[in-house]
Amino acid sequence: MQSSVIFLGAGRPYQGDEHSALRSASGHARVMDWQIQATDSLMSTVHFVGGYRLESIRERYPQLRYWENAEWQSTQAAFSFLQVDLGEQHHCLVSYSDVLFRRSLATALNASQADVCVAVDSHWRTRFAGRTDFDLERCEKVSLHKQSITRLGADISPALASAEFVGCVHFGPNAIAFLVEHKAALQRQFRKGNLSDLIEMLRCNGLNVEAIDVQGDWAELNEPRDLAHFVLGTKAQTLRRLRRMVRCSRIEDQVSFTVAQWRESEQRVLGGIQDHFPQLRLVIRSSALSEDGFGHSNAGAYASLLDIDGSEPAALRDAIEHVIASYPDNNPQNQVLVQPMLENVLASGVAFTRSLSSGAPYYLVNYDDISGSTESITSGTSDQHKTLVIQRRADEGSSNIPQNLKSLLPALREIEALLGYDSLDVEFAITADAGLHILQVRPIAVDHSHREGGDEQIHAHLDKARRQFEQLQAPAPFMVGKRALFGIMPDWNPAEIIGTKPHPLAASLYRHLIMDETWAIQRAEYGYRDVRPAPLLVSFAGHPYVDIRASFNSFIPATLDDALASRLADFYLDWLERHPHLHDKVEFDVVPTCFALDFDRWRQRLGTQGGFSSAEIDLLQQGLRDISAQAIRRNGSDLAQIDKLEKRFEQLRQRPMPPLEKVRALLFDCRTYGTLPFAHLARSAFVAITLLRSAVSSGVLSEAEMDDFLSSIRTVSHQLTHNAERCARGELSWEAFVEQYGHLRPGTYDINSPSYRADPERYLRPIVDSVSAQHVGASDNAGQLWEAARPRFVAALAKQGLEHDPESLERFLRQSIEGREYAKFAFTRNLSLALDELVTWSESLGIPRKKLAYLEIETLLTLSDDASLDLALAEQLLTSARSNRALYQQLQAIELPPLLCTAEDLNVFLYPATQPNFVGTGQVRAACVDLSQCADEPDLAGCIALIPQADPGYDWLFGRQIAGLITLYGGANSHMAIRAAEFGLPAALGVGETHYNALASARVLELDAGNRTIRVIQ
């Protein structure tokens, strides 16, 4: 005679076309896995009764014995159960196929001596939140007298019921005999009967029916989270439950115990640990009830101790007490988890199976493959960590996944499938001898229900971006180079100016004023290749990128023929792909864009790495020398254009005009007399800085001498501080001060970023209140070192064919660097007023500023000022804004790399180990403030300020007595680099996404610009 387990799966599908027994996150059968595992070794045979998609179960589990209920659509569970031939059974365990239970319940049921033993749940009324009266009415219930059941069925009134029937029951020999004897009659009687109805009939026929109370510890698959709720418990419980199930990873054996058990008998617990793990180094880990949950997470809040000598009872005892002492409550059911210490760790980290902030379909892996520690990421102590982003549909064999992490993606997908849940936080380690270890699995305790759109929309946007990338590999007219790369930081780096996920209006303004045509006009007029009509800005899924091939083309002297230019472009592109960490330093370390005293470094690279001949390199050098010589001569004409812009601005500002007409005029002037000469001055400033830096690298100047010159520069920021001092002394009126600087705004192109004028008390008053005459005066004495060094600098340039008298050369250096800053200051007056006029116009139509941000400037510039069109126009624009906002919010969830080299980079990418651009030689240790996370303006005096972008709209920071500056994005030649150098402020610009996030979570940093280091102190 046999014992068996019978799963009843003949009923309806779980969701859509999916069988409840096959419910999974990624196509693997998992519910049945848990059920079989819970009954494994208890029963000799496993039966499955099916009707709906029975073949799918049979295919996946050929070892089971199958029974078909051909009438599954018109019958119920009791009829399905009666299809099984019970003649050979001694006793059997029967369960619905969508019910999950613990092995402990199966063991208890199997050990029962009752004719029928039924699993019930006395916590049924509150088993899950929000249970409705209807659900309480329809579920199968039981009435109890002590342990005996007095009635079963769905027709019992909830008021009279004692518990819910769990859907799991054990039939003993007497019950089996009755069912076999009366099978034909019972099949006719119970065609529409539930399993509880059949049991009630047995009870009424005198069989003994008892209950085992599971007290809520079971799951019925009604909701997507039910399986995960059932498996995920404390750290120890979760790992124990998953350990026997995982195949793609390893979970170490464990000893776990409650605080109550420890207090009751320390010696017994210690003895158990030492028996289980003799002579091993151990990890003593927290496993508190409050540590991990679906609505909250205390990850890392409680102690875990590594490398404890398991052979030393005293060391074990101290470690356990230390962990228990870290728990904030006195709950005796809190647990402690003991596992073997991992050795020879190659990598460790944390993987989120969805984006933490938005729930987007990505695996985000933060890992350390340098230190050999298993806790450097979770403790936040790693300064070598990396971030790998994997789109959820990515191929497990993707070449972009680092070799040492190849096993991670299959393991994550397996755990998701085991849990039927895909929003997880998984700690892992990879060792040399045993591969991938799972250290913890917990739900991501962030509500992602508010996310706009679903995974399908994200995938559709990425598919479109992939097609776009492939199409853009064909070169545009008048461009050379075999393929296209795209980046957020090279050239007119959009990440620094408008951010990586700008609103449509900001992005379109940047295109309109600079990136569509102005940039290329400037390059052609300056002496580089003319690549028009190629735009510089390309948007992939709402993320702005520079077309690097177009950029590199535009830095090749126009005097070179197409064949040489093509080879140069390909060499530059290949070099950047091989050295992606240089993506924010292309003009210093990837492409020579002007002549420099250390040009021999380019000559050596081009000759030895690129195979270019000396004659070809000479042609490049001469072309760049000619461009640099022209730069030294052209500042005057470019500055004259800025003077013209300022005069025209005053006329436009004072002239009464319809708002949209004024916007068109302001932006026309901005582009014609503002951004074009600004682009020229910015290029000249780059030439000036390159000449100075190359003088340092070639030994003509010292770093101190260059810094001394830069500190003598008088840019807009210096003038702002100087005028703030005058305002504080009463020499300049507050109104005049606001008038002069009120047009600045932290986000130059962002209409949602208020100008200083809109809130002068926040942005400008603190500068006046905190200005220090001593601080301003300190730089007034600068220039003494430079005076002595200037003749050496002039002579070195003359020797290389750039002969200029000292006065004209220094005038070029100052005019270009100072002129660039002032040109931006001037053209942003037009832009800022245009934004203000747009707000005035839109609000008159009932369109608020925030909705205007979702419209593109090209659309707005074509509209009429005709008041008769107001109502229809307003509704049309609001509809467009709503549609664009929904699209924008979907695109915000997409993760893209800072550098796109291949289509596969849209699926999998590693954030590059960005080397910050350090400014100055100063060192500071101070509290740090991440301004992107501050709702109100904090006191910044003496602090290191962290900001996302090196935008000159943050000029006000220099009046707040900050001690240092760190930016997420920003190049070595950015506006903020010049400002920091001018003020002698230690700064690190463009530290990169991964590094910035780590620094932003710190409290105290040490920024040592001289030694090029940033260290977390607290």
### Query
Going through the distances and angles, do Leu485 and Tyr545 end up as a side chain to side chain contact (heavy atoms under 4.5 Å, CB included)?
CA-CA 9 Å; Leu485 275 59; Tyr545 281 82; over 6 Å; no
### Message
Assess the residue pair Tyr367 and Asn404 against the criterion (side chain to side chain donor-acceptor pair (under 3.5 Å)); give the C-alpha distance rounded to whole Å, side-chain angles, the decisive distance to 0.1 Å, and a yes or no.
### Response
CA-CA 11 Å; Tyr367 71 100; Asn404 59 354; 5.1 Å; no
### Message
Show, in sequence, the C-alpha distance, side-chain angles and deciding distance for Glu375 and Ser304, and conclude whether the side chain to side chain contact (heavy atoms under 4.5 Å, CB included) test is met.
### Response
CA-CA 10 Å; Glu375 64 168 5; Ser304 290; 5.6 Å; no
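Taking the ring centroids of Phe469 and Phe486, they lie under the 6.0 Å cut-off.
Looking at Val338 and Ile273, their side chains come closer than 4.5 Å, going by heavy atoms from C-beta outward. When side chains are defined from C-beta on, Val441 counts as touching Ile415, because their heavy atoms get closer than 4.5 Å. Two residues are said to be in side-chain contact when any heavy atoms from C-beta on lie closer than 4.5 Å; Asp309 and Leu282 fail this criterion. In this structure, Leu346 and Thr431 have side chains that are not in contact, with every pair of non-hydrogen atoms separated by 4.5 Å or more. Taking the side chain as every heavy atom from C-beta outward, Leu1005 and Arg925 never approach each other to under 4.5 Å.
Judged by distance alone, the side chains of Asn334 and Asp329 do bring a donor and an acceptor atom under 3.5 Å apart. No side-chain donor-acceptor contact under 3.5 Å links Gln335 and Ser256. No donor-acceptor contact under 3.5 angstrom links the side chains of His437 and Ser249, judged on distance only. Side chains of His459 and Gln391: a donor on one and an acceptor on the other come within 3.5 Å. A donor atom on one side chain and an acceptor atom on the other are found under 3.5 Å apart for Asp368 and Ser371. Donor-acceptor pairing under 3.5 Å is lacking for the side chains of Asn400 and Ser398. For the residue pair Asn366 and Thr387, a side-chain donor N or O sits within less than 3.5 Å of a side-chain acceptor on the partner.
Of all heavy-atom pairs spanning Cys928 and Leu999, the tightest one is SG-O, 4.0 Å. Considering all non-hydrogen atoms of both residues, Ala429 and Leu342 come closest at CB-CD1, 3.8 Å. For the pair Val283 and Pro340, the tightest heavy-atom approach, listed with the atom from each and the gap, is CG2-O, 4.1 Å. Minimum interatomic distance between Asp395 and Leu409 (heavy atoms only, all atoms of both residues): O-CD2, 4.2 Å. For the residue pair Val908 and Ala394, the shortest heavy atom distance occurs at CG2-CB, 3.7 Å. Nearest heavy-atom pair, Ala219 versus Phe230, reported as atom, atom and distance to 0.1 Å: CB-CB, 3.7 Å.
With hydrogens and angles ignored, the 3.5 Å screen pairs no side-chain donor or acceptor of Glu427 with any backbone N or O of Ile438. Proximity of a side-chain donor or acceptor of Gln892 to a complementary backbone N or O of Lys501 within less than 3.5 Å is detected. Checking side-chain atoms of Arg247 against main-chain N and O of Arg244 turns up a donor-acceptor pair under 3.5 Å.
Crowding of Lys464 atom NZ: a count of heavy atoms from other residues, nucleotides or ligands under 6.0 Å not exceeding 12.
Paired with Val350 under the rule side chain to side chain contact (heavy atoms under 4.5 Å, CB included), one option of Asp425, Val365, Leu439, Val426 passes, and it is Asp425.
For the atom pair CZ of Arg354 and OH of Tyr421, the computed distance is 9.5 Å after rounding to the nearest 0.5 Å.
A cation-pi contact links Arg392 to Tyr363, judged by a cut-off of 6.0 Å to the six-membered ring centre and 45° from its axis. Both the sub-6.0 Å distance and the 45° axial angle are not jointly satisfied by Arg285 relative to the ring of Tyr302.
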